[in-house]
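Written below as structure tokens is the structure these notes are about.
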Amino acid sequence: MANRYDPQTAEPKWRAAWEAADLYRTKSPEEAGDAPKAYVLEMFPYPSGRLHMGHVRNYAIGDVIARHKRAKGYNVLHPMGWDAFGMPAENAAIERKVDPREWTYSNIAAMKAQFAKLGLSLDWSREFATCDPEYYGEQQRLFLKFLEKGLVYRKASKVNWDPVDHTVLANEQVIDGRGWRSGALVEQRELTQWFCKITDYAEDLLASLDTLDQWPEKVRTMQANWIGRSEGLQMRFAWTGRAPRDFKDGIEVFTTRPDTLFGASFIALSPDHPLTHQLAARNPDLKAFQKACARVGTSEEAIEKAEKVGFDTGLSVKHPFEDRTLPVWVANFVLMGYGTGAIFACPAHDQRDLDFARKYDLPVTPVVCPPDADPEKFDVADDAYTGPGTIIRSDFLNGLAIESAKAGASDRIEALEAGARTVNFRLRDWGISRQRYWGCPIPVIHCDTCGVVPVPESDLPVRLPEDVSFDQPGNPLAHHPTWSSVKCPICSADARRETDTLDTFVDSSWYYARFASADDLEERAQWMPVDQYIGGVEHAILHLLYARFFARAMRDVGELDVASGEPITGLFTQGMVTHETYQTGDGRWVSPDDIERQGDIVIERGTGDPVSIGAVEKMSKSKRNTIDPDAMIGTYGADVARFFTLSDSPPDRDVEWTQSGVEGAARFAQRAWSVFDAMPEAAATNPATGASDLRRLSHKSVVAIDKAVETFRFNSAVATLYEWIGAIKKAEATAAIEDRVEACSQLARCLVLFMPHLAESCWARIGGESLVAAAPWPEIDDALLVDDTVTLPIQVNGKRRSELRAAKDTAPKDIEAAALADPEIAPFLDGKTVKKVIVVPGRIVNIVAV
RNA sequence: GCGGGCGUGAUGGAAUUGGUAGACAUACCGGACUUAAAAUCCGGAGGCUUAACCGCCGUGCGGGUUCGAGUCCCGCCGCCCGCACCA
């Protein structure tokens with residue numbers, strides 16, 4: 001029986017050794033000396049209670065980076081904590097009568113035990129959970145600083161209200177117009193809520209995206225689209241008749257196409273526009289129309305299918321340049337949330353306006369003529385013209401291109417004092433109030449005489465009460481008999497504590513700063529920004545945008561010293577872990593653990609029901625296609641589980657989990673181990689010298705792995721490991737012992753990035769000093785990276801016909817001569833004349849012959 | 001509709017950025033070991049043709065640039081992801 005590596009005994013041993021050596025603790029500035037810093041962070045997990053393969057992949061990727069940086073001499077900060085507030089804890093409380101706090105902390109304990117088995121190089125000394133009062137107390141302090149600076153504020157806004165659960169729902173929690181839990185029809189309610197003034201930073205958040213050159217292009221464009229900057233003109237149309245109350249000066253609209261003003265055909269108001277409300281108060285038909293629009297709901301298909309409908313208010317306004325009037329309609333396609341909630345419509349050049357105009361028989365006047373069309377006759381039918389062209393039928397704008405016409409029209413409107421150029425953003429302020437228990441309490445007090453009063457800093461943290469009941473719907477904090485009753489800090493009168501809590505996205509918007517230091521702003525500044533952040537692409541917009549906002553806001557209240565305001569220098573978004581799905585004839589999903597292959601057919605173990613193999617999908621409980629990391633670790637060890645998530649696909653793409661792939665990874669581990677069979681201790685041999693094939697290959701392999709790791713091409717690094725190991729094995733009989741010891745020593749130090757426990761066992765076999773997890777990256781002899789002789793393919797007219805071995809510095813003319821003399825190519829030159837010979841030194845020779 | 005990405009053997013994917021396409025792995029086939037199987041080790045393999053060598057074809061499709069194109073340019077086709085009545 002060959003000597004086999006046994007992960008079950010080796011892995012716990014090495015984890016204990018790492019812990020005893022305190023290897024992964026972040027070094028203090030004194031210990032670190034002038035070593036550069038590297039802050040490596042993976043998105044911290046929600047403590048659901050169990051680790052899944054997505055976690056394993058995420059943290060394995062981060063661990064490769066952290067270990068590599070450490071070996072390269074960086075002082076590495078690689079912390080871990082828990083994103084611990086949120087609805088699942090409350091749902092558990094409602095469904096199973098467990099305390100959310102106990103539920104959360106016991107989940108954390110369970111997951112931490114699972115984490116321990118993975119052998120990640122984490123510094124746990126900085127661990128915290130966002131539900132720790134120390135953490136959310138600090139967050140409350142930040143909230144009050146933001147409040148003081150006007151970065152958070154209260155306003156009334158429309159929210160999704162679930163009338164059964166008595167709570168506000170996020171848009172994501174509304175499915176087809178119904179609450180995701182209660183199934184009740186969601187109402188739009190006007191509530192007073194807290195908001196973060198993220199729009200103050202819209203311009204900078206957009207412009208600075210260009211500086212984030214270590215972020216995926218995709219994420220940057222998604223954020224840019226989300227922020228949605230557009231330049232245009234905000235202008236006023238004056239009334240023809242009596243002006244409605246509150247709108248004496250006319251109706252304000254925003255447009256990006258002032259060049260089409262002469263094609264304006266009507267004004268359209270949003271059904272939610274204040275003027276619509278005012279008019280609806282006296283007009284039951286309009287009120288009914290408004291209601292009908294609201295019912296269409298917020299679901300995307302509903303919006304897509306919704307036909308354009310409108311209501312003529314009977315009012316009209318004057319055209320700013322011409323002696324004519326425009327009717328004012330209410331139209332369902334105009335959004336209150338963008339611009340002013342009102343538009344002027346130019347149907348010839350906007351599809352929505354055109355659909356509406358055709359339906360209600362409103363005028364359509366083209367004013368932009370395409371380059372190849374006849375200006376006298378140009379007209380539109382069912383398709384609006386949105387392309388480039390020349391302005392026509394537009395008085396002083398005639399003959400101009402679109403851009404100049406925009407400027408001309410804007411100048412004129414500004415001269416008439418009827419409006420001004422403005423920039424509009426799609427981004428809206430971030431609503432952070434939640435009518436929930438398991439979140440960070442908002443630290444303010446409502447007093448009838450003093451208004452909104454901040455909780456004095458000495459009273460922080462405002463702790464969540466522990467004696468809450470979940471037996472009625474809604475927010476337990478609001479139902480608590482005493483918690484919200486307090487005295488006003490200013491006038492001491494009876495007052496009420498705010499019972500809303502903060503959106504959990506707030507918790508994760510600044511945790512990176514807290515990891516850098518619990519309370520020392522200077523230490524925070526030393527570590528920030530995060531050098532490498534790793535997580536799922538599903539956070540491309542919300543979390544990552546909020547984090548960028550928070551870093552700026554913290555900077556501006558003096559809580560974080562990052563000049564650029566960018567908290568994250570490098571971002572990597574990893575792909576998902578997928579698996580085949582299995583389903584019985586009656587549509588029941590079957591777990592991979594319960595299937596059995598019998599020849600070509602697949603059956604469910606136990607029942608014997610035939611099972612069909614379905615699509616490869618993200619591992620999920622509902623499809624039952626999950627693989628439990630604990631079970632994997634129990635069978636194959638943590639190294640194999642980690643290695644497999646990195647080896648098959650590039651880390652930014654999805655990886656399909658397969659049994660055979662895992663077995664391949666396990667085979668690799670044994671193969672790597674066997675390379676170290678019968679190796680002497682490194683100290684017992686002389687240092688390797690010379691330039692044997694093995695030495696050349698080993699040094700090249702180290703460089704290849706180094707480069708691949710730096711560029712997140714882990715699958716390529718793994719391929720290099722396979723080849724290298726194969727070569728070392730082949731060289732066992734032939735290579736000098738010194739060269740083999742060197743190769744093994746280098747191999748262990750590369751292997752430790754991916755399979756740290758195994759590498760440690762290998763390292764011990766060659767008597768490596770201390771622990772390989774603490775060893776520096778192998779030193780490379782550059783002279784070994786270039787070969788003395790190279791093999792050059794010889795092409796004739798671009799087709800490879802032969803090859804040539806030559807010393808690396810052979811003169812091109814000698815290579816040319818040797819190539820032409822090659823007997824292999826003679827038949828291909830027969831009857832032809834050589835026109836040209838291209839020699840690319842070290843690469844290729846191409847003979848052009850006709 | 002807008003934006004981003006992708007298309008290479010049976011499969012996941014390589015290809016030093018314009019220089020030998022298919023590294024490495026999985027599945028498959030063959031051999032060794034074994035009473036046998038598993039495990040392990042060794043070997044094979046893009047397609048067509050051939051006894052074999054040779055030869056021809058080959059990176060979604062069609063064109064182009066180049067001595068040379070998976071890579072660059074133009075035009076199509078298909079798939080995935082994100083946003084979406086944003087004026």
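Chain letters run A, B, ... following the sequence lines, proteins first, then strands; residues in each count from 1. Computed from heavy atoms alone, side chains included, the values below leave out hydrogens, waters and symmetry copies.
- Annotation: B:rC81 and B:rG70 have their P atoms spaced 30 Å apart (nearest Å).
- Between A:Phe356 and A:Tyr360, the angle of the ring planes lies from 30° to 60°, which puts this pair in the tilted group.
- Heavy atoms of A:Val537 sit nowhere under 4.0 angstrom from any nucleic acid atom.
- Nearest to the side chain of A:Ser660, among B:rA27, B:rG19, B:rG13, sits B:rA27.
- For the pair A:Glu803 and A:Arg800, the salt-bridge criterion is met [side-chain N within less than 4.0 Å of a carboxylate O].
- The shortest distance between the side-chain N/O atoms of A:Asn715 and the OP1/OP2 oxygens of B:rA14 is below 4.0 Å.
- Among the heavy atoms of the strands, none lies under 4.0 Å from A:Asp350.
- Taking the side chain of A:Arg671 as heavy atoms from C-beta on, and the options B:rC42, B:rA87, B:rC86, the nearest nucleotide is B:rC42.
- Residue A:Asn846 places its side chain closer to B:rG19 than to any other of B:rG19, B:rU40, B:rG3.
- Contact annotation for A:Lys799: backbone-only contact, meaning every heavy-atom pair under 4.0 Å involves sugar-phosphate atoms and none involves a base.
- Put simply, A:Arg713 has a side-chain N or O that comes within less than 4.0 Å of OP1 or OP2 on B:rA15.
- The side chain of A:Pro793 sits closest to B:rU20 out of B:rA87, B:rU20, B:rA23.
- The aromatic ring centres of A:Phe266 and A:Phe344 sit 6.0 Å or more apart.
- In terms of polar N and O atoms assigned as donor or acceptor, the side chain of A:Lys308 comes within less than 3.5 Å of the base of B:rC85 in a complementary pairing.
- Within the 4.0 angstrom heavy-atom criterion, no nucleotide atom of any strand lies near A:Pro216.
- Here the P atom of nucleotide B:rA39 and the OH atom of A:Tyr5 are 22 Å apart, to the nearest Å.
- Salt-bridge formation is not detected for the pair A:Arg257/A:Asp353: no Lys NZ or Arg NE/NH1/NH2 atom is positioned less than 4.0 Å from an Asp or Glu carboxylate oxygen.
- Listed nucleotides B:rC86, B:rG4, B:rC24 differ in distance to A:Glu217; the shortest reach to its side chain belongs to B:rG4.
- When each of B:rC86, B:rA27, B:rG4 is scored by its nearest atom to the side-chain atoms of A:Arg426, the top-ranked nucleotide is B:rC86.
- Closest to the A:Ile844 side chain, of the nucleotides B:rG19, B:rU26, B:rC86, is B:rG19.
- Rounded to the nearest Å, the gap between the C1' atom of B:rC41 and that of B:rU34 is 13 Å.
- Taking the charged nitrogens against the carboxylate oxygens, A:Glu824 and A:Arg801 have no contact shorter than 4.0 Å, which rules out a salt bridge.
- In summary, the aromatic rings of A:Phe311 and A:Trp329 are positioned with their centroids too far apart to meet the 6.0 Å limit.
- An anti base is found at B:rG60: its glycosidic angle is more than 90° from 0.
- With distances taken from any side-chain atom of A:Thr255 to the nucleotides B:rA87, B:rA27, B:rG13, the minimum falls on B:rA87.
- Looking at which nucleotide of RNA chain B each of A:Arg653 and A:Asn797 is closest to, the 5′-most match is held by A:Arg653.
- A:Glu580 has its CD atom 12 Å from the C1' atom of B:rA27, to the nearest Å.
- Counting only Watson-Crick and G-U wobble pairs whose two key distances fall under 3.5 Å, RNA chain B forms stems of three or more stacked pairs at B:1-7 with B:77-83, B:10-12 with B:24-26, B:28-32 with B:40-44, B:46-48 with B:55-57, B:60-64 with B:72-76.
- Contact annotation for A:Arg801: backbone-only contact, meaning every heavy-atom pair under 4.0 Å involves sugar-phosphate atoms and none involves a base.
- Here A:Phe254 lies in heavy-atom contact (under 4.0 Å) with a base.
- For B:rU17, the base is syn relative to its sugar; the glycosidic angle is within 90° of 0.
- A:Asn424 has its CG atom 8 Å from the P atom of B:rA87, to the nearest Å.
- Using modelled atom types, one finds a donor on one side chain and an acceptor on the other under 3.5 Å when comparing A:Ser674 with A:Lys729.
- Between the CZ atom of A:Arg229 and the P atom of B:rC2 there is a distance of 22 Å, given to the nearest Å.
- Spacing between B:rG19 and B:rG13 at atom P, rounded to whole Å, works out to 23 Å.
- What separates CD of A:Gln795 from P of B:rG19 is a distance of 11 Å, to the nearest Å.
- Applying the 4.0 Å criterion to OP1 and OP2 of B:rC67, one finds that A:Lys836 has a side-chain N or O inside that range.
- A cation-pi arrangement is found for A:Lys308 relative to A:Phe333, the charged atom lying closer than 6.0 Å to the ring centre and inside a 45° cone about the ring normal.
- Defined by atom type and a distance below 3.5 Å, a donor-acceptor pair is missing between the side-chain atoms of A:Ser647 and A:Tyr722.
- The pair A:Lys707-A:Glu710 does not meet the salt-bridge criterion, since no charged nitrogen lies less than 4.0 angstrom from a carboxylate oxygen.
- Mapping A:Met222 and A:Asn225 onto RNA chain B via the closest heavy atom, the residue that lands nearer the 5' end is A:Asn225.
- Here the separation of B:rG1 from B:rU11, taken at their C1' atoms, is 36 Å to the nearest Å.
- A close approach under 4.0 Å does not occur between any side-chain nitrogen or oxygen of A:Tyr722 and OP1 or OP2 of B:rA25.
- Only the P atoms considered, B:rU66 is 16 Å distant from B:rU71, to the nearest whole Å.
- Residue contacts shown for A:Gly664 are limited to sugar-phosphate atoms, with no base heavy atom under 4.0 Å away.
- For A:Arg667, whose side chain is taken as the heavy atoms from C-beta onward, the closest listed nucleotide among B:rC85, B:rA27, B:rG19 is B:rA27.
- One atom, CZ of A:Arg800, and another, P of B:rA69, lie 16 Å apart when rounded to the nearest Å.
- Rounded to the nearest Å, the gap between the P atom of B:rG75 and that of B:rG68 is 23 Å.
- A ring-centre distance under 6.0 Å is not found for A:Trp215 and A:Phe572.
- The nearest whole Å value for the distance from the CZ atom in A:Phe668 to the C1' atom in B:rG12 is 17 Å.
- As judged by a 4.0 angstrom heavy-atom cut-off over every strand, A:Phe828 is placed among residues touching the sugar-phosphate backbone only.
- Across all strands shown, A:Glu723 has heavy atoms under 4.0 Å from sugar-phosphate atoms exclusively, and none from any base.
- Taking atom C1' in both B:rG78 and B:rA84, one finds a spacing of 23 Å when rounded to whole Å.
- Rounded to whole Å, the C1' atom of B:rA15 lies 11 Å from the corresponding atom of B:rU20.
- Straight-line distance from the CD atom of A:Glu617 to the P atom of B:rC80: 12 Å, rounded to whole Å.
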